[in-house]
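What follows is one structure encoded as structure tokens, with my remarks underneath.
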There are 2 protein chains.
Amino acid sequence: MTLSEQQLSLIEEFGIYQENNGFQPAVARVMGLLLVSDRAELTFDDISETLNISKSATSNALNMLLNTGHIEYTTFPGDRKRYFRIKSSNWRDLFSKKMEDLSHLNGLLKRVMEVRKRENPIYDTKLNDFISFLDYMKNKLPDLIDEWEMTRK
Amino acid sequence: MTLSEQQLSLIEEFGIYQENNGFQPAVARVMGLLLVSDRAELTFDDISETLNISKSATSNALNMLLNTGHIEYTTFPGDRKRYFRIKSSNWRDLFSKKMEDLSHLNGLLKRVMEVRKRENPIYDTKLNDFISFLDYMKNKLPDLIDEWEMTRK
DNA sequence: TCATTAGTTCATAATTTGCAGAACTAAATT
DNA sequence: AATTTAGTTCTGCAAATTATGAACTAATGA
């Protein structure tokens, strides 16, 4: 398993991106490696050796990614190794997560409006606008996704 | 500065939300307090005392939020205190951040496609689909925002 | 039956982070 | 001139996070 300079730095960049999404550093690197490697499926030892992380860290990372549905594995008859790969169905989930997150934010902001009693309602208007904006987005996004599906056919 | 139970727990919930967006706990609580408090503008000491955080943590949090444009302050003649408030123009930024983040991801994924040479191109299709989906979203979102603006008039 | 493979689990070490407290500054007030 | 106000900066600690290495297991193979 040798990787080009570009692959190595993409693993790091993607790793940092995923750290910001709440993944542990090593876990994020494993995702990066599975994403950029020329082979789609890698073994435990491929991953451990290529990324220079211990077996325990590798085990922990792979199990976490399996549990959260980010990766999966196949096996081959007469071969005890597991071959890990990114679960491609999960790409769309990255997008959905962001949208759900905005929905969560919107819920919080609606509660803020119920709870606080501002003597000066100027600031209320802005926040209400934003809430309505998020509501609008939430309604329209499914349509947008459908439209995109149509362009593919 | 007394807060209701609901206000206190909203500060915590919003705080956790913002921690997940990469803010330090104390910084996230300051945002939460400025968001839910009945008064729109609070002083250094209001914040420090209400949240029970030290002056250094308060100073640090306020300066970070000022630097990142999340809050601003006014002053009043003959009063040395600063009165901090959430920068309401920044609501929309919360949304933009999520979108920029997806754009960043898309950039990384495009580089992945350039760099990796898969013998088995089945997985390439899925990733290319996702890239094209993100491109589509990025193009259409400004229109969606415009549409929303129209509904307001 | 002994060794190897493919991992897992556990205790512990190494960082990182987040915050407090004390000492400090600079302006305003007494 | 001394004190108060409104913060800022610096040092260091405590807790949390992350990774390691060693010991373990369970299955396979020689």
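Chain A is the first sequence line, chain B the second, and so forth, proteins listed ahead of strands; every chain is numbered from 1.
- Taking the salt bridge (Lys or Arg N to Asp or Glu O under 4.0 Å) definition, one finds that A/Lys87 meets it with nothing, sequence neighbours left out.
- A close approach under 4.0 Å does occur between a side-chain nitrogen or oxygen of B/Gln24 and OP1 or OP2 of C/dC19.
- Comparing the local axis fitted to the first five base pairs of the helix from C/dT1-D/dA30 to C/dT30-D/dA1 with the one fitted to its last five gives a bend of 20°, rounded to 10°.
- The 12-atom threshold is exceeded at CE of A/Met99, counting heavy atoms of other residues, nucleotides or ligands nearer than 6.0 Å.
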Side chain to side chain contact (heavy atoms under 4.5 Å, CB included) assessment of B/Phe44 paired with B/Lys81: CA-CA 8 Å; B/Phe44 188 102; B/Lys81 290 192 186 82; over 6 Å; no
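- The listed nucleotides are D/dT20, C/dC19, D/dA6; the one nearest the side chain of A/Ser54 is D/dT20.
- The listed nucleotides are C/dA20, C/dC19, D/dA6; the one nearest the side chain of B/Ile53 is C/dA20.
- Taking atom CZ of A/Phe23 as the reference point, atom C1' of D/dT17 lies 17 Å away to the nearest angstrom.
- Residue B/Asp46 contributes atom CG, which lies 13 Å from atom C1' of D/dA6 at whole-angstrom precision.
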Candidate pair B/Thr43 and B/Arg82, rule side chain to side chain contact (heavy atoms under 4.5 Å, CB included), full reasoning: CA-CA 6 Å; B/Thr43 67; B/Arg82 293 179 291 175; over 6 Å; no
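- Listed nucleotides: D/dA19, C/dG18, D/dA6. Nearest to the side chain of B/Pro25: C/dG18.
- Going from atom CG of A/Asp79 over to atom C1' of C/dT5 covers 11 Å, rounded to whole Å.
- B/His70 and B/Phe23 have perpendicular rings, their planes meeting at more than 60° on a 0 to 90° scale where under 30° would count as parallel.
- Between A/Lys98 and A/Asn21, the side chains place a donor N or O and an acceptor N or O closer than 3.5 Å (distance only, hydrogens not considered).
- In the displayed structure, A/Glu5 atom CD is contacted under 6.0 Å by at most 12 heavy atoms of other residues, nucleotides or ligands.
- The separation between A/Met64 atom CE and D/dA19 atom C1' is 14 Å, rounded to whole Å.
- Atoms CG (A/Leu65) and P (C/dG7) sit 15 Å apart, rounded to a whole Å.
- Taking atom NZ of B/Lys81 as the reference point, atom C1' of C/dA26 lies 17 Å away to the nearest angstrom.
- The salt bridge (Lys or Arg N to Asp or Glu O under 4.0 Å) search around A/Asp143 returns none, not counting sequence neighbours.
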Are any protein N/O atoms closer than 3.5 Å to N/O atoms in nucleotides 24-30 of chain D? If there are, list each pair with its distance.
none

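- Summarising the geometry of B/Leu33 relative to B/Ile47, their closest heavy-atom pair is CD2-CA, 3.9 Å, with the distance given to 0.1 Å.
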Distances for protein N/O vs nucleotides 8-10 of chain D N/O pairs under 3.5 angstrom?
{"unit_1": "D/dT8", "atom_1": "OP1", "unit_2": "B/Arg82", "atom_2": "NH2", "d": "3.4"}
{"unit_1": "D/dT8", "atom_1": "OP2", "unit_2": "B/Ser59", "atom_2": "OG", "d": "2.5"}
{"unit_1": "D/dT8", "atom_1": "OP2", "unit_2": "B/Asn63", "atom_2": "ND2", "d": "3.4"}

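- If you measure from atom CG of B/Leu51 to atom P of C/dG18, you get 17 Å, rounded to the nearest angstrom.
- A search for side chain to side chain contact (heavy atoms under 4.5 Å, CB included) contacts involving B/Gln6 returns A/Val115, B/Ser4, not counting sequence neighbours.
- Ring-centre distance between A/Phe84 and A/Tyr73: below the 6.0 Å cut-off.
- Across the protein-nucleic acid pair, A/Glu19 atom CD and C/dT15 atom P stand 16 Å apart, rounded to whole Å.
- In this structure, NZ on A/Lys110 lies 11.5 Å from CG on A/Leu127, to the nearest 0.5 angstrom.
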